[in-house]
Student: 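This is the structure, below, for whatever I ask next.
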Amino acid sequence: MAQPIRVVVTGAAGQIAYSLLYMIARGEVFGKDQPLILHLLDIPPMMGVLEGVVMELADCALPLLRQVIPTADPAVGFKDVSAAFLVGAMPRKEGMERKDLLSANVKIFKAQGQAIDQHARKDIKVLVVGNPANTNALVCSHYAPSIPRENFTAMTRLDQNRATAQIAAKLGVPINAVKNVVIWGNHSSTQFPDPSNGIVEVDGAVKRVWDAVNDAAFLQGQFVETVQKRGAAVIAARKMSSAMSAAKAACDHMHDWWNGTASGQFVSMGVISDGSYGAPKDVVFSFPVEISNGKWKIVQGLQLDDFAKSKLALTGKELEEEKGEAMAVCSAD
């Protein structure tokens, strides 16, 4: 049996973590033979609730779970961890704009970046789930200068899963028949869900998603809008933000980052931009990536039409604005 690895989940008493912790502890992310020590980090007022979560994890009797460490101290939370799920953030409530979230959450991710820099393993893989995820990941990385920037990523896998599910439903095929649908840009309503490089297996034949759906008005209209606004639609229906689906997406993201992607398949991750596809540099931008040996690489050479390029420009501009606001908040501290 392998040595246990340490994994931290922040916001561990919250909604997303409630689904996420079970999936991680069952071995769905790091493997069925990888023992785990879970660090559960939350704010002091949540420690009572966290006690209940610790009891439930014990009561699940999970063979891979060697130890659970609940704490409100970031120094303890990030000590020697190999992977971090940064879920804890001020949640968006109905009617709230992302910009309202920005200033509150920037301060949280600045402090967490500093704690990661001081206490975590230098090869830690950090996934930011808390919104605005792309800019929070950028801030976190900025305050952890001893850790490579490519070790900080933001979650757009939920958007990819949403987009894939919409295409599968439209074509009446199983989810795993649809591959390589891409999310570009920001995890916000400016993101661009792009099916133009996607492929789908229909009746034993592999086709381009574009040709199989054969409805440009749908693919450039209703499809894009449904994916962009899905989070808000869930909040309107459930009166709370997406939790189960966000937890599943976080597991998918970290699983592929840890274990690699299948040949010929790519996944969407918010990663530090090198300017590929005309995206602004030095923001955390969602690109299609391929992963091997724990390292992601932006997929190059995909064709983008004018419609796609205009959408990338829009989401890139928003990310540059967010970056400016975030850095202003940080330097004002």
Side-chain angles (χ1 to χ4, degrees), residues 23 28-29 155-187 189-234 237 242 244-271 276-277 285-292 296-312 315:
M23 295 180 200
E28 289 176 25
V29 180
M155 187 170 87
T156 52
R157 187 58 169 267
L158 177 53
D159 308 302
Q160 180 192 313
N161 287 350
R162 287 165 170 165
T164 303
Q166 292 294 323
I167 297 290
K170 177 83 173 165
L171 293 171
V173 297
I175 288 285
N176 56 0
V178 181
K179 298 187 170 62
N180 297 357
V181 174
V182 177
I183 304 296
W184 300 94
N186 199 0
H187 173 63
S189 57
T190 66
Q191 63 172 271
F192 176 47
D194 174 19
S196 63
N197 294 286
I199 51 172
V200 58
E201 190 177 321
V202 186
D203 302 328
V206 175
K207 303 178 174 181
R208 292 177 63 223
V209 165
W210 196 266
D211 299 332
V213 173
N214 194 25
D215 184 347
F218 168 77
L219 288 173
Q220 294 186 340
Q222 188 190 336
F223 164 72
V224 171
E225 200 161 295
T226 299
V227 178
Q228 285 177 338
K229 296 186 174 166
R230 187 68 160 191
V234 171
S242 319
M244 184 178 18
S245 55
K248 161 66 166 52
C251 287
D252 291 345
H253 176 121
M254 189 65 84
H255 173 275
D256 290 350
W257 194 4
W258 200 264
N259 299 291
T261 48
S263 175
Q265 281 187 43
F266 40 82
V267 294
S268 301
M269 282 168 62
V271 299
S276 291
Y277 297 99
F285 193 96
S286 182
F287 290 102
V289 300
E290 293 170 320
I291 305 162
S292 64
W296 55 263
K297 192 167 94 253
I298 296 171
V299 175
Q300 297 296 342
L302 299 181
Q303 294 305 304
L304 294 178
D305 62 14
D306 289 343
F307 176 77
K309 286 176 186 163
S310 71
K311 294 289 188 192
L312 261 69
T315 195

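Please read all numbers here as calculations on a predicted model, not as lab measurements.
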Student: Is there any side-chain hydrogen bond (donor to acceptor under 3.5 Å, both in side chains) pair reaching into residues 164-185, and which pairs are they, with sequence neighbours excluded?
Tutor: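 Every side-chain hydrogen bond (donor to acceptor under 3.5 Å, both in side chains) pair that includes a residue of residues 164-185, provided the two are not neighbours, is W184-D194.
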
Student: Might you point out which heavy atoms bring N186 and T315 nearest each other, and give the distance in Å?
Tutor: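 Residues N186 and T315, closest heavy atoms: N-OG1, 2.9 Å.
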
Student: Taking all heavy atoms of I183 and all of A163, pick out the closest pair and write down the distance.
Tutor: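 Closest heavy-atom pair between I183 and A163: CD1-CB, 4.3 Å.
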
Student: Indicate yes or no: at least one non-hydrogen side-chain atom of F287 is less than 4.5 angstrom from one of V299.
Tutor: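 No, their side chains stay 4.5 Å or more apart.
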
Student: Specify the closest pair of heavy atoms between W257 and I291, including all atoms of both residues, with the distance to one decimal.
Tutor: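 Nearest pair, atom of W257 first, then I291: O-CG2, 3.7 Å.
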
Student: Where do L171 and A212 come nearest, in terms of heavy atoms and distance?
Tutor: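 Minimum heavy-atom separation between L171 and A212: CD2-O, 3.5 Å.
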
Student: Check the side chains of S286 and R157 for a donor-acceptor pair under 3.5 angstrom, ignoring hydrogens and angles.
Tutor: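 Judged by distance alone, the side chains do not pair up.
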
Student: Just how far is it from atom OG of S268 to atom CZ of F285, taken to the nearest 0.5 Å?
Tutor: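 Answer for the OG-CZ pair, S268 versus F285, is 11.0 Å.
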
Student: Is there a side-chain contact between V289 and V267, using heavy atoms and a 4.5 Å cut-off?
Tutor: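 Counting from C-beta outward, V289 and V267 do come under 4.5 Å.
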
Student: Evaluate the side-chain contact (heavy atoms from CB on, under 4.5 Å) criterion for residues V200 and V206: first the C-alpha distance (whole Å), next the side-chain angles of each, then the deciding distance (0.1 Å), finally the verdict.
Tutor: CA-CA 6 Å; V200 58; V206 175; over 6 Å; no

Student: If we ignore hydrogens and angles and just use 3.5 Å, is the side chain of N259 paired with the main-chain N or O of V29 as donor and acceptor?
Tutor: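 Such a contact is found between N259 side chain and V29 backbone.
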
Student: Would you check, one step at a time, whether the test side-chain contact (heavy atoms from CB on, under 4.5 Å) holds for E290 with W296?
Tutor: CA-CA 6 Å; E290 293 170 320; W296 55 263; over 6 Å; no

Student: For a quick test of your reading: what N or O donor-acceptor pairs under 3.5 Å do the side chains of residues 300-307 make, sequence neighbours left out?
Tutor:
| from | atom 1 | to | atom 2 | distance (Å) |
| --- | --- | --- | --- | --- |
| Q300 | NE2 | S276 | OG | 2.9 |
| D305 | OD1 | F307 | N | 3.3 |
| D305 | OD1 | A308 | N | 2.8 |

Student: Identify the heavy atoms of D159 and M155 that sit nearest to each other, and give their distance.
Tutor: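 D159 and M155 have their closest heavy atoms at OD2-O, 4.4 Å.
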
Student: So does M244 have more than 12 non-hydrogen atoms from other groups sitting under 6.0 Å from CE?
Tutor: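 Open.
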
Student: In Å, rounded to the nearest 0.5 Å, how long is the span from CE of M254 to CE of M23?
Tutor: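 Rounded to the nearest 0.5 Å, the CE-CE separation comes out at 14.5 Å.
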
Student: For side-chain contact (heavy atoms from CB on, under 4.5 Å), just list the numbers for T261 and F266, CA-CA rounded to whole Å, side-chain angles, deciding distance to a tenth of an Å, and then say yes or no.
Tutor: CA-CA 7 Å; T261 48; F266 40 82; over 6 Å; no

Student: Rounded to the nearest 0.5 Å, what separates atom CG in N161 from atom NE2 in H253?
Tutor: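 That separation rounds to 12.0 Å.
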
Student: Between V182 and P288, which heavy-atom pair has the shortest distance, and what is it?
Tutor: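 Shortest heavy-atom separation between V182 and P288 comes out as CG1-CD, 3.7 Å.
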
Student: Please tabulate, one pair per line, all N/O donor-acceptor pairs under 3.5 Å involving side-chain atoms of residues 222-234, not counting sequence neighbours.
Tutor:
| from | atom 1 | to | atom 2 | distance (Å) |
| --- | --- | --- | --- | --- |
| T226 | OG1 | Q222 | O | 2.7 |
| Q228 | NE2 | S189 | O | 3.3 |
| Q228 | NE2 | Q191 | O | 2.8 |

